[in-house]
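This report concerns only the one structure given below.
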Amino acid sequence: AVNHRLVSDAFAGRLTSKAPVVEQANTRLPQPVLLAEFRELIAAGALLVDARDGALYADGHLPGAIRLPLGEVETLLEDFRRKADPARTLILYCSGYGCPDSFDLGLRLIAEGYHDVRVFEGGFPEWRDAGLPLDKGAP
């Protein structure tokens, strides 16, 4: 069965809403970065941010990365703001594909006013498996 009146109204444009279109809020998302572009961004002054917990950071992290675990963002954010200019490119990473911490932290940092937030989705495992250098120890 077909509602001929409904079909006719749809083709005649009588089903469109007369309500004004409401602009959605700025919904910027962290952008992905691949290992190939990683070095270019670092050379241009990007800041590495490790979103993993402190024990994982101490066991090994990317050289120059500062620690901002998603689980401790409330207590560490003020100190992070002093270290990281909102205009600076940030590259966030965590424990690789399937780990949402770097993306979720990226959303939080965008909400806090950071403009260029990237996520290295392969994270620590991809870096390590590529045989690239690692630092160890607490910050």
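These numbers were taken from a predicted model, which means no experiment stands behind them.
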Considering the options L47, I42, V49, which one meets the side chain to side chain contact (heavy atoms under 4.5 Å, CB included) requirement together with I91?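 Answer after filtering L47, I42, V49: I42.
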Would you name the heavy atoms of [X] and [Y] that are closest together and state the gap between them?
{"X": "T89", "Y": "R118", "value": "CG2-CG, 4.1 Å"}
{"X": "G122", "Y": "P125", "value": "O-CD, 3.5 Å"}
{"X": "V119", "Y": "S102", "value": "CG1-OG, 3.3 Å"}
{"X": "A51", "Y": "L105", "value": "CB-CD2, 3.7 Å"}
{"X": "R108", "Y": "E74", "value": "NH1-OE2, 2.5 Å"}
{"X": "R67", "Y": "D53", "value": "NE-C, 4.4 Å"}

Keeping the roles fixed (side chain from [X], backbone from [Y]), state whether a donor-acceptor pair exists under 3.5 Å.
{"X": "E78", "Y": "L76", "value": "no"}
{"X": "E40", "Y": "E37", "value": "no"}
{"X": "Y97", "Y": "E126", "value": "no"}
{"X": "K136", "Y": "G60", "value": "no"}
{"X": "R52", "Y": "D101", "value": "no"}

Could you give the distance from [atom1] ([X]) to [atom2] ([Y]), rounded to the nearest 0.5 Å?
{"X": "L35", "Y": "F120", "atom1": "CG", "atom2": "CZ", "result": "4.5 Å"}
{"X": "L90", "Y": "I66", "atom1": "CG", "atom2": "CD1", "result": "8.0 Å"}
{"X": "L68", "Y": "L48", "atom1": "CG", "atom2": "CG", "result": "13.0 Å"}
{"X": "L132", "Y": "L134", "atom1": "CG", "atom2": "CG", "result": "8.0 Å"}

Do V33 and L62 belong together in a cluster built from hydrophobic side chains that touch within less than 4.5 Å?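 Same hydrophobic cluster.
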R81, CZ atom: more than 12 neighbouring heavy atoms under 6.0 Å: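 Check passes, neighbour count above 12.
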Test of ring centre spacing under 6.0 Å for W127 and F38: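 Centroid distance W127-F38: below 6.0 Å, so yes.
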So that I know where these two stand, are F80 and Y114 an aromatic pair - ring centroids less than 6.0 Å apart?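 Yes; Y114 has its ring centre under 6.0 Å from that of F80.
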May I ask you to test the P30-L92 pair for a side-chain heavy-atom distance under 4.5 Å?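 SC-SC contact between P30 and L92 ruled out.
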Any side-chain heavy atom of Y93 within less than 4.5 Å of one from D50?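 Yes; the side chains approach each other to less than 4.5 Å.
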Before you tell me yes or no, could you show the steps for L29 and I110 under side chain to side chain contact (heavy atoms under 4.5 Å, CB included), namely the whole-Å CA-CA distance, both residues' side-chain angles and the distance that decides it to 0.1 Å? CA-CA 8 Å; L29 298 174; I110 288 171; 5.6 Å; no
